[in-house]
Amino acid sequence: MASLSSLCSSSPSLNPKQSICKTTLNPSRLKTSLAYPARTLLTTTRTLLTPTRSIARDIPADLSKTNDNLPNKPKQLGLEKDPNSLWNRYVDWLYQHKELGLYLDVSRIGFTDEFVSEMEPRFQKAFKDMEELEKGSIANPDEGRMVGHYWLRNSSLAPKPILKTQIDKALDAVCDFADQVVSGKIKTPDGERFTQILSVGIGGSALGPQFVAEALAPDNPPLKIRFIDNTDPAGIDHQIAQLGPELASTLVIVISKSGGTPETRNGLLEVQKAFRETGLDFCKTGFDLRTSEMSAVGLLPAALQGIDIREMLAGAAVMDEANRTTVVSIDSYISIP
């Protein structure tokens, strides 16, 4: 359930220069200026199963115990301090995705190569489970639901034509709605432009939009966003008070997977009360939202902030493809072009 609403204002007009829903991924825009020594510069090579010492910290022997009968763990060694060993491990376990400009260093996590080898069967099971998940296996037996996050990034992967159609139509609808709001075609009841977004949701209905807003929104977005993500009365009052007279030009987005989340409903009721007390009408427009950042839950707030959501989806699809490797080795870990 989602409600998009708001009303009157005298805020300045905003005229975006281009559509916020582009269709191409531009790798050059995604690259970063991070520079790490390439693996090819090393004079020696290391293999996955070469014993190494844990370098991050001392690990209690029972920390990695599981319920399964895994082989006995070797005695934990002390904290690695040798600069050469630290450097070699850093290079070995630095993940680089050059097209996306993504770097991830796990070298300081206290695992050994023996542990990686022992976990190989579990890795392979996880890879197989993820493959079945993408093909449409039931992941939520209580609700009989498939989990199609990957299809949202690439609808051609959807196991049924109707699912692909629904995904494509939802994306087009979000882009069209956001374009009309940002361009001023859709206005408040008093004919003014929207200037603010108030997103009401909790947990997964808030964290994704918050993260994207912090990471990708421009410094001066077409609409600025605020979040009501808990039931703290003081926090809710603070967010509403901060809007001041711009409450009249605020677009309210209410996000709930079930449509009846109590905390979200409380936030909605407080916002409705604020509108009434200010003499504003709380109009409604519906969107069918689900708790996934790459669904309308995250795409709509992102698009309203001027973020190119089609390019964001394209980048996520590239990352999905990189994550489909089933080889756990140092070479595969850092050699993605």
Side-chain angles (χ1 to χ4, degrees), residues 1-7 138-153 163 166-167 169-178 181 186 194 196-217 223-240 242-243 247 250-276 280-305 307 309 312-313 316:
M1 183 282 289
S3 173
L4 305 172
S5 51
S6 151
L7 297 256
I138 300 299
N140 188 331
D142 291 339
E143 299 180 10
R145 283 197 303 113
M146 298 178 286
V147 178
H149 300 86
Y150 302 96
W151 316 333
L152 298 173
R153 275 96 79 166
L163 293 175
Q166 290 174 339
I167 292 169
K169 284 186 176 180
L171 177 58
D172 290 341
V174 168
C175 285
D176 180 64
F177 178 80
V181 171
I186 294 180
F194 288 103
Q196 300 278 346
I197 307 165
L198 185 59
S199 179
V200 183
I202 194 167
S205 297
L207 294 174
Q210 286 174 329
F211 174 79
V212 169
E214 183 69 24
L216 300 179
L223 281 77
K224 297 179 180 179
I225 191 166
R226 293 179 177 276
F227 296 91
I228 293 178
D229 59 356
N230 59 66
T231 58
D232 173 30
I236 295 175
D237 291 343
H238 175 74
Q239 292 298 331
I240 295 175
Q242 288 290 305
L243 289 169
L247 179 64
T250 296
L251 184 67
V252 180
I253 305 176
V254 183
I255 305 172
S256 170
K257 174 186 172 183
S258 65
T261 308
E263 297 87 349
T264 302
R265 176 171 172 76
N266 289 345
L268 170 61
L269 294 175
E270 286 299 310
V271 173
Q272 289 177 322
K273 177 184 175 184
F275 270 75
R276 289 195 303 269
L280 301 172
D281 185 20
F282 194 85
C283 300
K284 300 178 181 179
T285 302
F287 262 81
D288 181 18
L289 301 186
R290 288 288 178 176
T291 50
S292 169
E293 174 54 33
M294 299 297 173
S295 72
V297 165
L299 295 180
L300 178 59
L304 289 169
Q305 293 172 85
I307 298 171
I309 60 174
M312 184 171 76
L313 290 171

>> How close do Leu299 and Met294 get, counting heavy atoms only, and between which atoms?
In response: CD1-O, 3.2 Å
> How about Val212 and Glu293: do any of their side-chain heavy atoms sit closer than 4.5 Å?
Replying inline: yes
> Do the side chains of Gln305 and Ile225 get nearer than 4.5 Å, heavy atoms only?
Replying inline: yes
> Leu198 versus Leu251: any side-chain heavy-atom pair under 4.5 Å?
Replying inline: no
> Do Leu247 and Phe275 come close enough that some side-chain heavy atom pair is under 4.5 Å?
Replying inline: yes
>> Take a 6.0 Å sphere around CZ of Arg265 and say whether it holds more than 12 heavy atoms from other residues, nucleotides or ligands.
In response: no
> Is any side-chain heavy atom of Leu313 closer than 4.5 Å to a side-chain heavy atom of Leu171?
Replying inline: yes
> Do you know the tightest heavy-atom contact between Ser256 and Thr264?
Replying inline: CB-CG2, 4.4 Å
>> Show the nearest heavy-atom pair for residues Gly144 and Ile138, with the distance to one decimal.
In response: O-CD1, 3.6 Å
> Would Asn230 and Glu263 count as having a side-chain donor-acceptor pair, cut-off 3.5 Å?
Replying inline: no
> Is Leu304 close to Ile253 at the side-chain level, that is, under 4.5 Å between some pair of heavy atoms?
Replying inline: yes
> Which residues pass the side chain to side chain contact (heavy atoms under 4.5 Å, CB included) test with Ile186, sequence neighbours left out?
Replying inline: Phe177, Gln180, Val181, Phe194
>> Measuring only between side-chain heavy atoms, which start at C-beta, is Asp237 closer than 4.5 Å to Glu270?
In response: yes
